[in-house]
Amino acid sequence: MSTKDYLEKDYYKTLGVSKNASADEIKQSYRKLARKYHPDANKGNASSEERFKEISEAHNVLSDDKRRKEYDDARSLFGGGGLRMPGAGGQGGQGFDLGDLFGGTGGTGSGTGGRLGDLLGGMFGGRGGTQARPRRGADIETETTLAFADAIDGSTVALRLAGEGPCATCRGTGAKAGTVPRVCPTCSGTGQESRNLGGFALSEPCRTCRGRGMVVDDPCPVCSGSGRAMSTRTIQARIPAGVADGQRIKLKGKGAPGERGGPAGDLFVKVHVTPDKVFGRSGDNLTVSVPVTFTEAALGAEIKVPSHGGLPVTVRIPPGTPNGRTFRVRGKGARRRSDGLNGDLLVTVEVVVPPKLDIKAREALESFRDATAGDDPRSELLQRAKG
């Protein structure tokens, strides 16, 4: 959003609400107007489409507390179209250049000009002066695939990134080898020029040098004078322990380089984790299914269970354990990012029925069947079905 928009557009009037309207009133008015002027409801109506854009723009500003305050401050200072200062515009008034107030002639920034420059610079994202500002590099997104064990334990991976950066041929100057850029004659190297809006003037990026402050007469053949070019680089990125499949990791300052001394952007890495043959995962817990015999489940037993990255652990199965029961082994799961501790290992038992029986085993089971002939595990189920 430009400064000019803040000064010339009455967003409250666009939404039909008062300056003191609450957030709910703004939301309700926006929804009502958006339904009325939405392009889907007014196909082929250019005026409705333009009205919808105006409504959306006003809502974007007024629904954000920070942007709404900036907008209100700007309107209050400028009076909704002109700076409230004697002699500026109006009858017999003389136009003046806000660059004088924002630091264009203020030198050190002391006095009224410096204070207004600081105020409006903070309000509109600038620093009050006319020097080209540093620009933060763009954020970059990439993906990587990890083995299950590396995701649980953490891993350092090599990431090959492609993106825009300073041209290697001209080293970011934009000029052909053996030549150098010259100071822009329009903005005198500031990267900004003043535009007259009637009663005052506002600074904008210079149209001659596009805000760079320098003009390239003999451009670099690789980047065509932009000073930027596509390049590839490889970085080593540390993926923290306990990362889950589909999780995005933010690596601060590993994105595209900044311009004019600005900071680099951030790198976002989406992690894909290949399934493991033994373990599964449920949040910060690892899961494993362990087969047990009928006698172990019926009589109870102590069984050995595999754990990730360590020796097997012993789990006690109590007598009468049903198929599918889950036991918890503390501290044998994945690393939790919240407190750095490990989750648990969830052990689910699966009772195994032998596919074949020898004569002795068959006789033993038949004896067991005869001994428990009076116990029908389905009696209660059948009784509920009747009722």
Side-chain angles (χ1 to χ4, degrees), residues 142-159 235-251 268-369 372 375 377:
T142 189
E143 299 182 355
T144 189
T145 300
L146 297 180
F148 186 88
D150 290 336
I152 299 300
D153 300 331
S155 177
T156 298
V157 298
L159 298 176
I235 67 169
Q236 299 295 318
R238 179 64 186 175
I239 306 299
V243 65
D245 181 56
Q247 188 172 339
R248 293 172 79 240
I249 304 298
K250 177 182 177 180
L251 301 177
F268 293 87
V269 183
K270 185 174 183 179
V271 179
H272 301 282
V273 180
T274 57
D276 190 72
K277 296 179 180 180
V278 175
F279 298 99
R281 186 163 178 180
S282 176
D284 296 317
N285 300 321
L286 297 185
T287 62
V288 61
S289 295
V290 180
V292 297
T293 65
F294 170 76
T295 54
E296 287 174 331
L299 302 177
E302 290 186 352
I303 62 173
K304 294 290 186 181
V305 175
S307 65
H308 172 73
L311 297 175
V313 296
T314 300
V315 175
R316 183 178 177 276
I317 305 297
T321 296
N323 181 61
R325 181 173 177 180
T326 298
F327 298 88
R328 184 182 298 269
V329 181
R330 301 287 182 182
K332 294 296 183 179
R335 183 76 55 84
R336 287 197 296 260
R337 299 187 65 185
S338 58
D339 55 14
L341 300 177
N342 284 6
D344 302 329
L345 175 64
L346 305 181
V347 181
T348 301
V349 297
E350 296 181 349
V351 178
V352 176
V353 177
K356 293 182 180 180
L357 296 174
D358 59 21
I359 296 177
K360 186 176 180 180
R362 187 177 187 86
E363 291 176 348
L365 284 178
E366 288 175 346
S367 298
F368 174 79
R369 180 194 59 192
T372 58
D375 299 329

| message | Val271 and side-chain contact (heavy atoms from CB on, under 4.5 Å): which single residue from Val157, Thr144, Asp150, Asp245 fits? | response | Thr144
| message | For the CD1 atom of Ile235 and the CZ atom of Arg238, what is their distance to the nearest 0.5 Å? | response | 14.0 Å
| request: To the nearest 0.5 Å, tell me how far Ile239 CD1 sits from Thr156 OG1. | output: 8.5 Å
Is there side-chain contact between [X] and [Y], with at least one heavy-atom pair below 4.5 Å?
X: Thr287; Y: Thr348; value: no
X: Leu286; Y: Ile152; value: yes
X: Val352; Y: Thr293; value: no
X: Glu350; Y: Asn323; value: yes
X: Pro306; Y: Phe279; value: yes
X: Val351; Y: Val349; value: no
X: Val269; Y: Leu251; value: yes

Please give me the minimum heavy-atom distance between [X] and [Y], naming the atom from each residue.
X: Ala237; Y: Leu159; result: CB-CD1, 3.7 Å
X: Arg281; Y: Gly242; result: NH2-O, 2.5 Å
X: Val243; Y: Val273; result: O-CG2, 4.4 Å

| Pairs flagged by ring pair (Phe, Tyr, Trp, His ring centres under 6.0 Å) wherever residues 304-335 is involved - sequence neighbours left out | none
| message | Run Val292 and Ile303 through side-chain contact (heavy atoms from CB on, under 4.5 Å) and show every step you take. | response | CA-CA 8 Å; Val292 297; Ile303 62 173; 3.9 Å; yes
| request: Determine which pairs satisfy salt bridge (Lys or Arg N to Asp or Glu O under 4.0 Å) with at least one residue from residues 311-332, sequence neighbours left out, and list them in order. | output: Arg328-Asp344, Arg330-Asp344
| request: Dump the intermediate steps for side-chain contact (heavy atoms from CB on, under 4.5 Å) on Ile317 and Glu302, then the final yes or no. | output: CA-CA 6 Å; Ile317 305 297; Glu302 290 186 352; over 6 Å; no
| field | Donor-acceptor pair, side chain of Arg335 and main chain of Arg337, under 3.5 angstrom | value | no
Can I get a per-line list of side-chain donor-acceptor pairs under 3.5 Å for residues 356-364, giving both atom names and the distance, sequence neighbours left out?
unit_1, atom_1, unit_2, atom_2, d
Asp358, OD1, Lys360, N, 3.4
Asp358, OD1, Ala361, N, 2.7

| request: Classify the side-chain pair Lys270/Thr142 by whether it contains a donor and acceptor separated by less than 3.5 Å. | output: no
